[in-house]
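Quantities reported herein were computed from a predicted structural model and do not represent experimental measurements.
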Amino acid sequence: MERQVQRFVSVGECMVELTGSGPDLLRKGYAGDTFNAAYYARLALPASWAVDYVTALGTDAVSDEMIAFMEARGIGTGAIQRLAHRLPGLYMVHVHEGERSFSYWRSSSAARQLAADEAALSRALDGADILVVSGITLAILEGEGRQRLIAAMRRARQAGARVVFDPNIRPRLWEDAETMRATLMEGASAATLLMPSFDDEATHFGDGTVAATIARYRAAGAQDVVVKDGASGVTLAFGGEAIHVASEPVARVVDTTSAGDSFNGSFLAHLATHGNPRAAAQFAAHVAAHVIQHPGAIVAHDLRP
């Protein structure tokens, strides 16, 4: 019998998010780049799609609350490993004129061991139709975790999944620049769709143009590339054609946290259900424009196409 439910699987770290909520007050939430993408994909995907998050958490009360948060928003948690000796990571958002900076507490995060058990990782990713991994996911992994996850990405690609990789370059998470660039390119070579941000690529790979970024990732083995360039819009390289889609104007930016993540999840959901990259980018740009007008990474709204 043909499988009816399709799977969107996102891999990475969801952390406790603390944001300002008035003088001397903080608001607690839960967020992380690949989790944010899964959240916005869930908002846009039909019920015929399952959205699952793959990570590792502790056995503490905060981990329980995070899992309840995910499940209440329709995100599957069955593949989350629970580690008694670890806790979730935590970060605080500082916002100034719409731009954000962060303070992190994640050195002993449970998610750093999400790829420690190769058999558990393989079970979690088995049957994925869309698999989402980021450079942050690779950066935080301990031991042989990076190579295990990249190998799992290759197996998913061979099995016919759309393997999506957002380099999401964060130098502070890597031991050195050379390791960072080499591992990111290895991750890119295992993917079918790359979703980089041009700012990052220009800074850390020296790309002078969006076309250079597309060419480099195509040479690494990616079939398709979506380059996000902030207010300048996005460039889609699908097949032999490059298409530019403008960003949606925003009168007042409140918080750019999750702008790229919400774009990623919304784009992938729309592309999976409608098959038109340009329309998917237009929809995703609309979602991202909405998200950056609100504080925090997770914005509750009816964002269906």
Novice: Ignoring hydrogens and geometry beyond distance, is a side-chain donor-acceptor pair present between R86 and T59 at under 3.5 Å?
Specialist: no
Novice: Determine the sole option in R181, M180, E186 for which the side chain to side chain contact (heavy atoms under 4.5 Å, CB included) test with L184 is passed.
Specialist: M180
Novice: Under a plain distance cut-off of 3.5 Å, with no hydrogens placed, do Y30 and E17 share a side-chain donor-acceptor pair?
Specialist: no
Novice: Please name the pair of heavy atoms, one in A289 and one in E248, separated by the smallest distance, quoted to 0.1 Å.
Specialist: CB-CB, 3.8 Å
Novice: Measuring from L236:CG to I243:CD1, what's the distance to the nearest 0.5 Å?
Specialist: 5.5 Å
Novice: Applying the 4.5 Å side-chain criterion to the ILVMFWY set and letting contacts propagate, would V287 and W49 be lumped into a single cluster?
Specialist: yes
Novice: May I have the step-by-step check of side chain to side chain contact (heavy atoms under 4.5 Å, CB included) for N168 and D261, ending in yes or no?
Specialist: CA-CA 10 Å; N168 212 354; D261 307 333; 4.2 Å; yes
Novice: Test F205 against M185 for side chain to side chain contact (heavy atoms under 4.5 Å, CB included), laying out the working first.
Specialist: CA-CA 10 Å; F205 283 95; M185 290 306 294; 3.9 Å; yes
Novice: Measure from the side-chain N and O atoms of R112 to the backbone N and O of E142, and report whether any donor-acceptor pair falls under 3.5 Å.
Specialist: no
Novice: With no hydrogens and no angle check, just 3.5 Å: does a side-chain donor-acceptor pair link D207 and T213?
Specialist: yes
Novice: Between V210 and S232, is any pair of side-chain heavy atoms under 4.5 Å apart?
Specialist: no
Novice: Report the C-alpha distance between F165 and L193 in whole Å, list the side-chain angles of each, state the deciding distance to 0.1 Å, and finish with yes or no for side chain to side chain contact (heavy atoms under 4.5 Å, CB included).
Specialist: CA-CA 6 Å; F165 185 63; L193 172 59; over 6 Å; no
Novice: Does E65, at its CD atom, have more than 12 non-hydrogen atoms belonging to other residues, nucleotides or ligands within less than 6.0 Å?
Specialist: yes
Novice: Mind checking the CG-CG spacing from L121 to D117? Nearest 0.5 Å is all I need.
Specialist: 8.5 Å
Novice: Can you tell me how far CZ of R73 sits from OH of Y40, rounded to the nearest 0.5 angstrom?
Specialist: 11.0 Å
Novice: Look at the side chain of R157 and the backbone N and O of A191, then say whether any donor-acceptor pair between them is shorter than 3.5 Å.
Specialist: yes
Novice: With salt bridge (Lys or Arg N to Asp or Glu O under 4.0 Å) as the criterion, how do R216 and E201 come out once you've worked through the C-alpha distance, each side chain's angles and the decisive distance to 0.1 Å?
Specialist: CA-CA 10 Å; R216 179 166 49 81; E201 306 301 319; 2.7 Å; yes
Novice: In the structure I gave you, are the side-chain heavy atoms of F69 and C14 within less than 4.5 Å of one another anywhere?
Specialist: no
Novice: Distance-only, no hydrogens or angles: does the S109 side chain make a donor-acceptor pair with backbone N or O of A111 under 3.5 Å?
Specialist: yes
Novice: For R146 and L138, work out which heavy atoms get closest and say how close.
Specialist: NE-O, 2.9 Å
Novice: For the side chain of S262 and the backbone of A259, is there at least one donor-acceptor N/O pair under 3.5 Å apart?
Specialist: yes
Novice: May I ask you to decide whether D200 forms a salt bridge with K228, counting only side-chain N to carboxylate O separations under 4.0 Å?
Specialist: no
Novice: Within the structure provided, determine whether L125 and V11 are in side-chain contact (heavy-atom separation under 4.5 Å).
Specialist: yes
Novice: How are the rings of F238 and F267 set relative to one another: parallel (under 30°), tilted (30 to 60°) or perpendicular (over 60°)?
Specialist: tilted
Novice: Would you indicate whether the side-chain heavy atoms of L45 and T273 approach each other to under 4.5 Å?
Specialist: yes
Novice: Validate the cation-pi geometry between R42 and Y39: distance from NZ or CZ to the six-membered ring centre under 6.0 Å, angle to the ring axis within 45°.
Specialist: no
Novice: In the single-linkage hydrophobic clustering (I, L, V, M, F, W, Y; side-chain heavy atoms under 4.5 Å), do V16 and L87 co-cluster?
Specialist: no
Novice: Between S266 and A284 (side chain of the first, backbone of the second, donor and acceptor by atom type, cut-off under 3.5 Å), is there such a pair?
Specialist: no
Novice: Taking I80's backbone N and O only, do any of them form a donor-acceptor pair with T77's side chain (distance below 3.5 Å, no angle check)?
Specialist: no
Novice: Test side chain to side chain contact (heavy atoms under 4.5 Å, CB included) on Q113 and H85 and set out the steps.
Specialist: CA-CA 11 Å; Q113 294 192 326; H85 59 292; 3.2 Å; yes
Novice: Please check if the side chain of T179 supplies one atom and the backbone of E175 the other of a donor-acceptor pair under 3.5 Å.
Specialist: no
Novice: Please check this pair: side chain of R170 against backbone of I136, looking for a donor-acceptor N/O pair closer than 3.5 Å.
Specialist: no
Novice: Compare every heavy atom of V163 with every heavy atom of M153, then report the nearest pair and how far apart it is.
Specialist: O-CG2, 3.7 Å
Novice: Do H94 and S103 have side-chain heavy atoms sitting under 4.5 Å apart?
Specialist: yes
Novice: Just wondering, are more than 12 heavy atoms of other shown residues or ligands nearer than 6.0 Å to CD in E178?
Specialist: no
Novice: Show the nearest heavy-atom pair for residues A41 and A269, with the distance to one decimal.
Specialist: O-CB, 3.8 Å
Novice: What residue among L271, L194, V132 forms side chain to side chain contact (heavy atoms under 4.5 Å, CB included) with V164?
Specialist: V132
Novice: In terms of hydrophobic clustering (I, L, V, M, F, W, Y; side-chain heavy atoms under 4.5 Å; direct or indirect links), are I140 and V9 co-clustered?
Specialist: yes
Novice: Begin with the C-alpha distance, continue with both residues' side-chain angles, and end with the deciding distance and a verdict on salt bridge (Lys or Arg N to Asp or Glu O under 4.0 Å) for R106 and E13.
Specialist: CA-CA 10 Å; R106 73 195 312 177; E13 181 180 26; 2.6 Å; yes
Novice: Going from CE on M66 to CD on E71, what distance comes out if it is rounded to the nearest 0.5 angstrom?
Specialist: 12.5 Å
Novice: Group every Ile, Leu, Val, Met, Phe, Trp and Tyr by side-chain heavy-atom contacts under 4.5 Å, then state whether V51 and F283 land in the same group.
Specialist: yes
Novice: Are D129 and R162 ion-paired here, with the side-chain N under 4.0 Å from a carboxylate O?
Specialist: no
Novice: May I ask you to check whether Q223 and T192 show a side-chain donor-acceptor distance below 3.5 Å?
Specialist: no
Novice: Using a 4.5 Å cut-off on heavy atoms from C-beta on, say whether the side chain of Y104 contacts that of M92.
Specialist: no
Novice: Can you tell me if T55 uses its side chain to pair, donor with acceptor, with the backbone of G12 under 3.5 Å?
Specialist: yes
Novice: Of all heavy-atom pairs between A110 and L83, which one has the smallest distance, and what is that distance?
Specialist: O-CD1, 3.8 Å
Novice: Please evaluate residues R155 and S122 with respect to the criterion side chain to side chain donor-acceptor pair (under 3.5 Å), reporting the C-alpha separation (whole Å), side-chain torsions for both, the decisive distance (0.1 Å), and the verdict.
Specialist: CA-CA 9 Å; R155 290 194 296 272; S122 293; 3.2 Å; yes
Novice: Name the orientation class of the two ring planes belonging to F102 and Y91 (parallel below 30°, tilted from 30 to 60°, perpendicular beyond 60°).
Specialist: perpendicular
Novice: Verify the cluster assignment for L57 and Y53: are they in a single hydrophobic cluster under the rule of side-chain heavy atoms below 4.5 Å apart?
Specialist: yes
Novice: In sequence, state the C-alpha distance, the side-chain angles, and the governing distance for D33 and S134, and then conclude on side chain to side chain donor-acceptor pair (under 3.5 Å).
Specialist: CA-CA 8 Å; D33 66 336; S134 78; 2.6 Å; yes
Novice: Roughly how far, to the nearest 0.5 Å, is CD1 of I169 from OG of S197?
Specialist: 8.5 Å
Novice: Taking all heavy atoms of A281 and all of V245, pick out the closest pair and write down the distance.
Specialist: CB-CG2, 3.9 Å
Novice: Hey, what do you get for CD1 (I150) to OG1 (T183), rounding to the nearest 0.5 Å?
Specialist: 6.0 Å
Novice: If we only count heavy atoms from C-beta on, is the H244 to V234 side-chain gap below 4.5 Å?
Specialist: no
Novice: Would you say D64 and R82 make side-chain contact, with heavy atoms under 4.5 Å?
Specialist: yes
